[in-house]
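Contents: one structure, followed by commentary.
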Amino acid sequence: MSPVIPGFEHHRVPVADGVSLHTAVGGTGTPVVLLHGFPQTHLMWRHVAVDLAADHTVICPDLRGYGASDKPAETDGTVYAKRTMAADIVALARELGHERFALAGHDRGALVAFRAALDHPDSVTRLACLDVLPTLDMWDVMQGVTAAVGFHLYLMAQPPGLPERMIGAAPDDFFGHFLDIWTADRRAVPDDVRAAYLTACREAVPSIVADYRASAGVDIEHDRADRDAGSTLRMPVSVLQQDWGAALGFDAASLWRAWAPDLLHAMVTCGHFMAEEAPDDIAKALRDLLAR
């Protein structure tokens, strides 16, 4: 049996022409939307979601192109732009009856959440971003041999064809590599969850590559336009990260503060998959954000 978030119901929710998102929903109360990262699905929130569902409506979708959600073809650079994926999330919440909601994302999901908060400030009441930098800042700070940790960003930035063939030749090795090296405690991703992640990624190579390719193109353009316009995040923001900022030679908190005047920036002692490795810490941090 495939793993699930205990007590959550599953829905297919239409969000755009020809695109529906597979979504797990549980709990009652004010809405909180949780967006997963790479190479994961909504299952990464299984511990935190149950905690928050005690007094919130918790909505955990698979992003466009991931998991059991629809995977439209990359007909142009906008199909997997974070602006497009962010619009999916606002439409998802509205379809479920919520005009305003708190939003948290990890990794790729944090980039979608960041864009949703910039583009739809009247919809996003609180924002949490876990272990990521905004796209424009990420490309600005990656340099030298330390950039090797992000080799996949450069691979998937290449034009359509080569990266899909290379990754598709050994998808379990490719995606499993990140599950291994980014996890401080391997027990945090048990065998059944790991298998679910690998199966989902194996079936989504073109769309995952398209998501990353957009972040080397149109997503940079959107971030730069906002930076040039002086746009900032209007809502309370929490950024949680493992202690990689100092190791890579930049001040992550200052980079985030330029976007988020009302910022709480904190370190979490764990690996990259913090919602699975330190779920109690993450749940508390999100509850603290919701109380701000």
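If you read the sequence from its start, that first residue is 1, and numbering goes on from there. Note that the structure is a prediction, hence the values are computed from the model and not measured.
Looking only at side-chain heavy atoms (C-beta outward), Thr146 and Met142 stay at 4.5 Å or farther from each other. In this structure the side chain of His56 never reaches within 4.5 angstrom of the side chain of Leu286, judged on heavy atoms. Residues Glu74 and Pro206 have side chains not in contact (no heavy-atom distance under 4.5 Å, counting atoms from C-beta outward). Here the side chains of Ile89 and Val112 are in contact, with some heavy-atom distance below 4.5 Å. Counting heavy atoms from C-beta outward, Ile5 and Cys60 have side chains that approach closer than 4.5 Å. In this structure, Pro163 and Arg213 have side chains that are in contact, with non-hydrogen atoms separated by less than 4.5 Å. Side-chain contact between Leu63 and Leu21 is absent, with no heavy atoms from C-beta onward closer than 4.5 Å. Residues Ile282 and Val268 meet the side-chain proximity criterion, which asks for heavy atoms closer than 4.5 Å.
Around CE of Met138, the count of heavy atoms belonging to other residues, nucleotides or ligands within 6.0 Å exceeds 12. Within 6.0 Å of CG in Asp191 there are 12 or fewer heavy atoms belonging to other residues, nucleotides or ligands. Sparse packing is recorded around CZ of Arg234, with 12 or fewer heavy atoms of other residues, nucleotides or ligands lying under 6.0 Å away.
For the residue pair Arg292 and Ser238, a side-chain donor N or O sits within less than 3.5 Å of a side-chain acceptor on the partner. His22 and His10 share a side-chain donor-acceptor pair at under 3.5 Å. Residues Asp137 and Trp259 bring a donor and an acceptor atom of their side chains to less than 3.5 Å of each other.
Under the salt bridge (Lys or Arg N to Asp or Glu O under 4.0 Å) criterion, Asp107 pairs with no residue at all, not counting sequence neighbours. Remark: Asp223 pairs with Arg115 by the salt bridge (Lys or Arg N to Asp or Glu O under 4.0 Å) rule, at least two apart or across chains. With sequence neighbours excluded, the residues forming a side-chain contact (heavy atoms from CB on, under 4.5 Å) with Asp55 are Arg287, listed by chain and number. The salt bridge (Lys or Arg N to Asp or Glu O under 4.0 Å) test applied to Arg126 returns no partner, not counting sequence neighbours. Checked against salt bridge (Lys or Arg N to Asp or Glu O under 4.0 Å), Asp281 has no partners two or more places apart in sequence or in another chain.
Between the side chain of Thr199 and the backbone N or O of Ala196, no donor-acceptor pair lies under 3.5 Å. Of the possible polar contacts, one joining the Thr84 side chain to the Thr78 backbone as a donor-acceptor pair under 3.5 Å is found. A donor-acceptor pair is defined here as one N or O able to donate and one able to accept, closer than 3.5 Å; such a pair exists between the side chain of Thr41 and the backbone of Leu43. Proximity of a side-chain donor or acceptor of Thr57 to a complementary backbone N or O of Gly29 within less than 3.5 Å is detected. A donor-acceptor pair is defined here as one N or O able to donate and one able to accept, closer than 3.5 Å; no such pair exists between the side chain of Glu203 and the backbone of Ala200. Put simply, the side chain of Glu277 gets close to the backbone of Asp185: a donor and an acceptor are under 3.5 Å apart.
A ring-ring contact (aromatic ring centres under 6.0 Å, His included) check over residues 119-169, counting only residues at least two apart or in different chains, returns the pairs Phe38-His152, Trp139-Tyr154, Phe151-His177, Phe151-Phe178, His152-Phe178, His152-Trp182, His152-Tyr212.
A distance of 9.5 Å separates CZ in Phe114 from CG in Asp119, rounded to the nearest 0.5 Å. With rounding to the nearest 0.5 angstrom, the CD atom of Glu95 is 10.5 Å from the OG1 atom of Thr23. Separation of atoms CG (Leu92) and NE2 (His11) is listed at 10.0 Å; rounding is to 0.5 Å. With rounding to the nearest 0.5 Å, the separation of OH in Tyr80 from CD1 in Ile208 is 9.5 Å. Interatomic distance, CZ of Arg186 versus CG of Leu179, reported as 9.5 Å (0.5 Å rounding). Distance check: Gln158 CD to Glu164 CD gives 10.5 Å after rounding to the nearest 0.5 Å.
In the hydrophobic clustering of ILVMFWY residues, with side-chain heavy atoms under 4.5 Å counting as a link, Val4 and Val50 come out apart. Under the 4.5 Å side-chain heavy-atom criterion for Ile, Leu, Val, Met, Phe, Trp and Tyr, Leu264 and Leu103 are members of distinct hydrophobic clusters. Both Phe250 and Leu153 sit in one connected hydrophobic cluster of ILVMFWY residues. Membership requires side-chain heavy atoms under 4.5 Å apart, directly or through other members. Note: the hydrophobic cluster containing Val79 does not contain Val218 (ILVMFWY, side chain heavy atoms under 4.5 Å, direct or indirect links).
If you run ring pair (Phe, Tyr, Trp, His ring centres under 6.0 Å) between His106 and each of His36, His42, His272, only His272 comes through.
When all heavy atoms of Tyr197 and Pro39 are compared, the closest pair comes out as CB-O, 3.5 Å. Looking at every heavy atom in both residues, Leu289 comes nearest to Ala128 through CD2-CB, 3.7 Å. Shown here for Val48 and Ala275, the closest heavy-atom pair between the two residues is CG2-O, 3.9 Å. Between Val58 and Ala53, the shortest heavy-atom contact is CG2-N, 3.6 Å. Taking every heavy atom of both residues into account, Ala113 and Gly105 meet most closely at CB-N, 4.3 Å. Looking at every heavy atom in both residues, Val132 comes nearest to Trp256 through O-NE1, 3.0 Å.
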- Query: What do the steps show when you test Tyr66 against Arg108 for side-chain contact (heavy atoms from CB on, under 4.5 Å), and what is the final call?
  - Reply: CA-CA 11 Å; Tyr66 287 81; Arg108 307 304 294 173; 4.0 Å; yes
- Task: Report the C-alpha separation of Asp131 and Gln242 in whole Å, then their side-chain angles, then the decisive distance to 0.1 Å, and conclude whether the side chain to side chain donor-acceptor pair (under 3.5 Å) test is met.
- Result: CA-CA 6 Å; Asp131 217 34; Gln242 58 175 318; 2.9 Å; yes
- Can you list the steps and then say if Ile167 with Leu155 is a side-chain contact (heavy atoms from CB on, under 4.5 Å)? CA-CA 9 Å; Ile167 296 167; Leu155 171 61; 4.1 Å; yes
- Would Ser69 and Asp62 count as a side chain to side chain donor-acceptor pair (under 3.5 Å) if you check the C-alpha gap in whole Å, the side-chain angles of each, and the deciding distance to 0.1 Å? CA-CA 6 Å; Ser69 288; Asp62 289 337; 4.7 Å; no
- Test log, rule side chain to side chain donor-acceptor pair (under 3.5 Å), inputs His265 and Gln241: CA-CA 8 Å; His265 185 276; Gln241 67 173 77; 2.8 Å; yes
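Aromatic rings of Trp45 and Phe8 (six-membered ring for Trp) have centroids beyond the 6.0 Å cut-off, not under it.
The residues Arg227 and Asp140 are annotated as salt-bridged, a charged nitrogen and a carboxylate oxygen being separated by less than 4.0 angstrom. Taking a cutoff of 4.0 Å between a charged side-chain nitrogen and a carboxylate oxygen, Arg46 and Glu276 qualify as a salt bridge. Salt bridge status for Asp122 with Arg100: absent, with no side-chain N to carboxylate O gap under 4.0 Å. Between Arg12 and Asp70 a salt bridge is recorded (basic side-chain N to carboxylate O distance below 4.0 Å). For the pair Lys82 and Asp211, the salt-bridge criterion is met [side-chain N within less than 4.0 Å of a carboxylate O].
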